[in-house]
Amino acid sequence: MAKTVLHLDLDTFYVSVERLIDTRLQHRPLLVGGTSDRGVVAACSYETRAFGVHSGMSMKLAKQLCPEATIIRGDASTYTKYSNDVTDIIRKDVPLFEKSSIDEFYADLTGMDRFFGCYKYSSELRKKIIRETGLPISFGLSANKIVSKVATNEAKPNNQLKIDSGFEKEFLAPLSVKKIPMVGDKTYQTLRNLGVRHVKTIQEMPLEMIQKVLGANGTTIWHRAQGIDNTPVIPYSERKSISTERTFDRDTIDVDRLSAILIAMTENLAFQLRRGDKLTSCISVKIRYSDFNTYTKQLKIPYTSADHILIPKIKDLFKKLYNRRLLVRLIGIRFSHLAGGNYQINLFDDNEEILSLYNAMDTIRIRYGDRSVLRAASLGARTIGRMTNPFNGEPPVVLAHRKQ
C-alpha cells in the first residue's frame with residue numbers, strides 16, 4: 001500500500017497568536033523574541049521578511065533592518081495553550097500523528113483514500129483548525145515526511161499543496177538546495193562552491209561524489225533530493241536528556257550570581273526529573289565566555305534526582321570549569337543518560353524527613369508552579385521554570401526571549 005503522509009505547519013505561529021490576542025497588530029511588521037540587543041528573533045511576520053529579517057537573527061540586527069517593527073516579548077504559556085488547542089483537534093480526527101514541534105505536526109493517512117480521500121480529508125482538517133482556533137495553517141501531502149515538509153513550505157502562507165505519488169523528484173528538482181531539510185548554511189555554502197544551486201543537480205550527481213564532499217550527511221541529503229524518505233510517523237519519542245541555559249544581557253564575572261543561577265537551574269531540573277519519574281546518571285555544566293569560547297565538563301554519577309546530591313556536584317563542576325576569570329556570557333546545565341524510576345533513598349545519607357520534604361515541595365510546585373517553592377540561595381535567579389512536564393511526550397517550547 002502506497003504511503004500518504006500529511007505535514008501541518010502553523011504559519012508564523014507566535015506572530016499569529018499575538019495578532020489573535022491583539023487585532024491591532026494585524027498587517028503590521030511584528031517581531032517576537034528577546035527584547036534586548038542580545039535577544040534573538042523567535043518569529044517574524046511576513047511584512048518584516050521583505051526587509052531581510054528572519055527567525056534566528058539577532059534582535060539588534062532585525063531592528064536595524066526594520067526599525068518600524070513592533071517588538072513583543074513572547075509568552076511561552078500562551079503559545080503552549082494555543083498549540084494544545086490545535087493538538088486536541090488533530091488528536092480527535094487523526095488516528096496516528098506526530099507532534100514534532102510546538103507548531104508542526106505529521107500525520108500518517110495511509111489507506112484513507114479507500115474511504116474518504118486523503119487530500120479532501122486534509123483540507124477539511126485544515127479548515128476545522130482555522131475555524132476553531134483562528135490560526136492560519138498550511139499543509140503538504142505526499143508519500144513521505146520530507147517531501148510533505150518541503151511542500152508545506154512551498155504552499156505557505158496559509159495554503160495547501162499535494163504532491164502525487166511518483167512526482168516527488170519532479171517537484172523537488174527546480175527548488176534551491178537550501179530547501180532540503182538538513183541543508184544548513186555551511187552545507188549550502190559548500191554546495192554553492194561546487195556550483196550546486198538546485199536540487200536537480202544533486203539528483204543527477206552520483207551518490208559516491210556527494211558522499212566524498214559531505215561525508216555521512218551526503219547520503220541522507222542525496223536520498224532526500226531524490227524524494228526518498230522512509231522515516232515513520234512516530235507518535236511518541238522518549239526524551240533522552242533535559243537541559244536549561246541562560247544568556248546574560250550583560251557579561252558578568254559575579255561568581256555569587258552565577259552560583260545562585262546554577263542552584264536554581266539544578267533545583268528546577270531535579271524537580272522535572274521527579275515529576276517525570278526519571279533519574280539521571282550524567283550531569284554537565286556549560287560556560288560560554290565573552291570571547292565566545294565555550295567549554296563543557298561532565299560527570300558520571302549514580303542514578304539520582306535529588307537536589308541535595310546534584311547541587312554540590314554541579315557547583316564542583318563549575319569550579320573546575322570556570323578557570324579563565326573572564327566575563328561569562330552564558331551558563332547552562334544538562335542532565336542525560338536518563339532512566340525511568342523514582343528517587344531511591346541513600347541508606348547512609350538520607351532519611352524519611354528528606355523524602356517527605358521533596359514530596360511536599362513537589363506537590364506545591366505541581367499545584368502552584370515551579371517557582372512557588374525555592375531555596376533562598378536561588379531567589380535572585382529569575383525566569384527559571386517550565387510550564388509543563390518535559391516528559392509528557394510533547395516537544396519542548398523554544399523561545400528566544402528566555403534570557404537571564
Side-chain angles (χ1 to χ4, degrees), residues 1-17 19-20 43 46 79-175 179-181 199 223-224 226-237 392-395:
M1 184 181 296
K3 285 190 66 177
T4 305
V5 177
L6 169 69
H7 176 258
L8 293 154
D9 193 351
L10 290 156
D11 296 334
T12 58
F13 178 51
Y14 299 161
V15 170
S16 298
V17 171
R19 286 176 169 173
L20 203 61
Y46 286 104
Y79 303 145
T80 300
K81 173 189 175 299
Y82 280 94
S83 176
N84 290 339
D85 290 344
V86 176
T87 305
D88 290 340
I89 294 171
I90 295 173
R91 183 181 287 112
K92 290 176 184 176
D93 291 358
V94 178
L96 177 59
F97 78 96
E98 172 185 340
K99 187 173 183 179
S100 58
S101 71
I102 192 172
D103 59 353
E104 215 173 343
F105 307 83
Y106 290 97
D108 192 338
L109 304 183
T110 302
M112 291 192 67
D113 271 329
R114 293 182 178 183
F115 310 102
F116 197 75
C118 294
Y119 185 71
K120 181 181 179 183
Y121 184 83
S122 301
S123 299
E124 293 193 0
L125 176 62
R126 174 174 169 262
K127 291 176 183 176
K128 184 178 180 181
I129 292 171
I130 294 172
R131 183 175 63 251
E132 295 189 10
T133 67
L135 295 170
I137 188 168
S138 300
F139 80 69
L141 188 70
S142 76
N144 59 61
K145 292 172 78 171
I146 290 298
V147 176
S148 293
K149 182 177 177 67
V150 175
T152 302
N153 291 332
E154 291 302 295
K156 288 183 176 184
N158 202 22
N159 213 330
Q160 56 195 53
L161 180 61
K162 178 187 178 185
I163 308 302
D164 292 324
S165 181
F167 289 87
E168 292 86 3
K169 284 185 68 173
E170 184 178 327
F171 162 67
L172 294 170
L175 302 179
K179 294 194 175 183
I180 300 176
V199 176
H223 280 98
R224 291 182 174 184
Q226 312 297 325
I228 300 170
D229 177 41
N230 298 317
T231 309
V233 175
I234 304 172
Y236 178 80
S237 182
N392 60 7
E394 299 284 338

Exercise. Applying the side chain to side chain donor-acceptor pair (under 3.5 Å) test to Ser138, which of Asp11, Asn159, Asp9 qualifies?
Worked result: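 That would be Asp11; it is the only one of Asp11, Asn159, Asp9 passing the side chain to side chain donor-acceptor pair (under 3.5 Å) with Ser138.
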
Backbone N/O of [Y] and side chain of [X]: donor-acceptor pair under 3.5 Å:
X      : Y      : result
Ser148 : Ser142 : yes
Asp229 : Ile146 : yes
Asn158 : Ile137 : yes
Ser83  : Tyr79  : no
Asn144 : Gly227 : yes
Thr152 : His7   : yes

Exercise. Taking everything shown except Tyr46 itself, do over 12 heavy atoms lie less than 6.0 Å from its OH?
Worked result: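 Yes, enclosed.
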
For this session: Taking atom NZ of Lys120 as the centre, report whether more than 12 heavy atoms of other residues, nucleotides or ligands fall under 6.0 Å from it.
Result: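 Count not over threshold, so no.
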
Spacing of [X] atom [atom1] and [Y] atom [atom2] [to the nearest 0.5 Å]:
X      : Y      : atom1 : atom2 : value
Arg224 : Ile180 : CZ    : CD1   : 9.0 Å
Glu124 : Arg131 : CD    : CZ    : 9.0 Å
Asn153 : Lys179 : CG    : NZ    : 8.0 Å
His223 : Asn230 : NE2   : CG    : 8.5 Å
Leu20  : Thr133 : CG    : OG1   : 7.5 Å
Asp88  : Ile129 : CG    : CD1   : 11.0 Å

For this session: Please determine if Asp85 and Lys81 form a salt bridge, counting it only when a charged side-chain N lies under 4.0 Å from a carboxylate O.
Result: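 So Asp85 pairs with Lys81 through a salt bridge.
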
Report yes if some heavy atom in the side chain of [X] is under 4.5 Å from a heavy atom in the side chain of [Y]; otherwise report no.
X      : Y      : value
Tyr106 : Lys149 : yes
Leu10  : Tyr82  : no
Leu8   : Val86  : no
Leu6   : Val94  : no
Phe171 : Leu161 : yes
Asp103 : Tyr14  : no
Lys99  : Asn84  : yes

For this session: Assess whether side chain to side chain contact (heavy atoms under 4.5 Å, CB included) is satisfied between Leu141 and Leu109, documenting all intermediate values.
Result: CA-CA 9 Å; Leu141 188 70; Leu109 304 183; 4.2 Å; yes

Exercise. Can you find a side-chain donor-acceptor pair between Gln160 and Ser123 that sits under 3.5 Å?
Worked result: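 Yes - a donor-acceptor pair under 3.5 Å links their side chains.
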
